[in-house]
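Just so you know, ligand 1 is whichever comes first in the structure, and atom 1 is the first atom listed for that ligand.
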Amino acid sequence: MQNDAGKIVYKRTISIMEIQYLHSLLFLPNRNYSLGPFLMKVAFPVSNLPNVLFSEPMNASSQGMAKGGAHHESSVKVPRSLASASVRRYQSFSFSESSHRLVFGVETNFNVGREGRGREEKLRYACDSVLDWRDYFDHHTLPLSRRNPGRWPNFPSDYRQVVAKYSDELQVLAHKLLGLISESLGLKSRCIEDAVGDFYQNITISYYPPCPQPELTLGLQAHSDMGAITLLIQDDVGGLQVLKDGAKWVTVKPISHAILVLLADQTEIITNGKYKSCEHRAITNSNRARLSVATFHDPAKTVKISPAPDLLAETSPPKYKGLVYGDYVSSWYTKGPGGKRNLDALMLDS
Ligand SMILES: O=C(O)CCC(=O)C(=O)O
Ligand SMILES: [Fe+2]
């Protein structure tokens with residue numbers, strides 16, 4: 001597309017639709033998450049993922065990164081403010097701190113949709129016997145009617161302000177990204193956003209303790225996220241893997257100050273499969289605890305999701321059954337993630 005100064009340009013080397021496993025690491029040039037210009041960067045060499053969105057003009061340093069080179073903090077301005085600062089804040093909120101467990105813990109039995117701290121339960125999914133090696137803390141952040149910072153930790157003292165600001169900033173970013181995805185498909189820029197409606201945003205901090213026998217378990221079993229778009233930051237330990245070509249698990253190299261964009265199931269449905277949701281999992285290691293912060297942007301439970309009519313024609317029929325998002329969530333929790341089986345169950349024969 002156009003290459004005016006500061007304008008986003010889509011590089012469609014093969015087909016932009018193939019942003020399906022990793023999607024990208026997103027570097028943002030300034031603190032207020034303006035996207036003009038910005039650079040999306042993949043965590044493995046770009047030849048494996050030729051269809052990312054790039055800003056133009058590319059400068060020397062970003063070209064280096066696009067080839068899979070190291071990220072040089074001095075040459076690319078990325079927001080220190082929230083992404084990494086948040087990880088540090090969360091780190092200082094210790095998951096092993098028993099007082100916080102007592103104050104913020106969710107009850108022993110996992111309770112779907114419950115805010116607060118939780119631990120995976122073996123019986124959480126009726127037909128899965130996988131025990132995830134993970135503790136987590138969930139914040140309900142949007143819409144504002146769900147946001148009650150009083151339910152969040154208050155240590156360190158600015159924790160609640162940081163989470164609230166992070167929530168606001170990432171909402172803006174999620175909107176921009178969905179807008180870009182819509183435009184890349186020739187849709188009105190608000191098409192996907194309108195289909196999703198007001199975001200239900202949750203921020204989940206996952207804590208993976210060191211595991212004495214990492215080969216026997218997973219930090220988080222294979223799944224794709226249910227909603228529309230997930231923005232994830234991880235610390236330097238690493239352990240997130242994405243499924244490439246439906247066959248090979250690829251570890252996402254942690255890059256400081258980067259936000260990883262994971263497309264989720266509803267975006268796959270709305271784009272009628274032109275963008276795929278990303279199947280991912282977290283592995284454990286025996287030495288170091290790991291932290292990640294996932295910010296999920298989902299439709300309200302009452303929203304009906306179906307392929308965008310503007311993408312349908314006689315030659316491109318709908319590939320997915322329409323659904324009420326809340327039903328999808330219920331079914332997901334009943335059956336368990338099982339990779340992408342919940343989405344697969346909605347596929348229509350073509
Ligand atoms: O910890 C990670 O890197 C992944 C977390 C995740 O996939 C999730 O919470 O849905
Ligand atoms: Fe996930």
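When all heavy atoms of Ala228 and Val196 are compared, the closest pair comes out as CB-CG2, 3.9 Å. When all heavy atoms of Ala195 and Val303 are compared, the pair lying nearest together is O-CG1, 3.5 Å. Taking all atoms of both residues into account, the shortest heavy-atom contact from His223 to Pro337 is CB-CB, 3.4 Å. Across every non-hydrogen atom of Ala264 and Gly227, the tightest pair is CB-O, 3.0 Å. Nearest heavy-atom pair across Trp152 and Ala164 is CZ3-N, 4.0 Å.
Of the heavy atoms in Leu262, none comes closer than 4.0 Å to ligand 1. When heavy-atom distances to ligand 1 are checked against a 4.0 Å cut-off, Asp225 comes that close only through its side chain, counted from C-beta outward. Using a 4.0 Å cut-off between heavy atoms, Leu232 contacts ligand 1 through its side chain alone, with no backbone atom that close. At a heavy-atom distance under 4.0 Å, only side-chain atoms of Phe296, from C-beta outward, approach ligand 1. Contacts of Arg281 with ligand 1, taken as heavy-atom pairs under 4.0 Å, are absent altogether. At a heavy-atom cutoff of 4.0 Å, ligand 1 is contacted by no atom of Gln221, backbone or side chain.
With sequence neighbours excluded, no residue satisfies ring pair (Phe, Tyr, Trp, His ring centres under 6.0 Å) with Phe296.
Annotation for ligand 1: atoms under 4.0 Å from non-hydrogen atoms of Tyr208 are 1 (O), 2 (C), 4 (C), 5 (C). Close approach of ligand 1 to Arg134 is summarised as follows: ligand atoms under 4.0 Å from at least one heavy atom of the residue are 9 (O). Listed by number with element, the atoms of ligand 1 under 4.0 angstrom from any heavy atom of Leu240 are 3 (O), 4 (C).
Considering just the N/O/S atoms of His280, the one nearest the Fe ion (ligand 2) carries the name NE2. Looking at Asp225, its N, O or S atom nearest to the Fe ion (ligand 2) turns out to be OD1.
The shortest side-chain heavy-atom distance between Leu142 and Ser167 falls under the 4.5 Å cut-off. A heavy-atom distance below 4.5 Å is found between the side chains of Gln241 and Thr251.
For a threshold of 3.5 Å applied to N or O pairs, the pair formed by Thr204 and ligand 1 contains no separation below that value. Inclusion of Ser206 in the set of residues having an N or O under 3.5 Å from an N or O of ligand 1 is not warranted.
Closest to atom 2 (C) of ligand 1 among all protein heavy atoms lies Ser292 OG, 3.3 Å. The protein atom (non-hydrogen) at minimum distance from atom 6 (C) of ligand 1 is Leu220 CD2, 3.3 Å. Looking only at protein heavy atoms, the nearest one to atom 10 (O) of ligand 1 is His223 NE2, 3.1 Å. Counting only heavy atoms of the protein, atom 3 (O) of ligand 1 lies nearest to Arg290 NH2, 2.7 Å.
Between the side chains of Ser182 and Glu193, no donor-acceptor pair is found at a separation under 3.5 Å.
Partner of Tyr328 under the side-chain hydrogen bond (donor to acceptor under 3.5 Å, both in side chains) criterion, chosen from Asp298, Asn342, Asp265: Asp265.
Checking side-chain atoms of Lys304 against main-chain N and O of Gly322 turns up no donor-acceptor pair under 3.5 Å.
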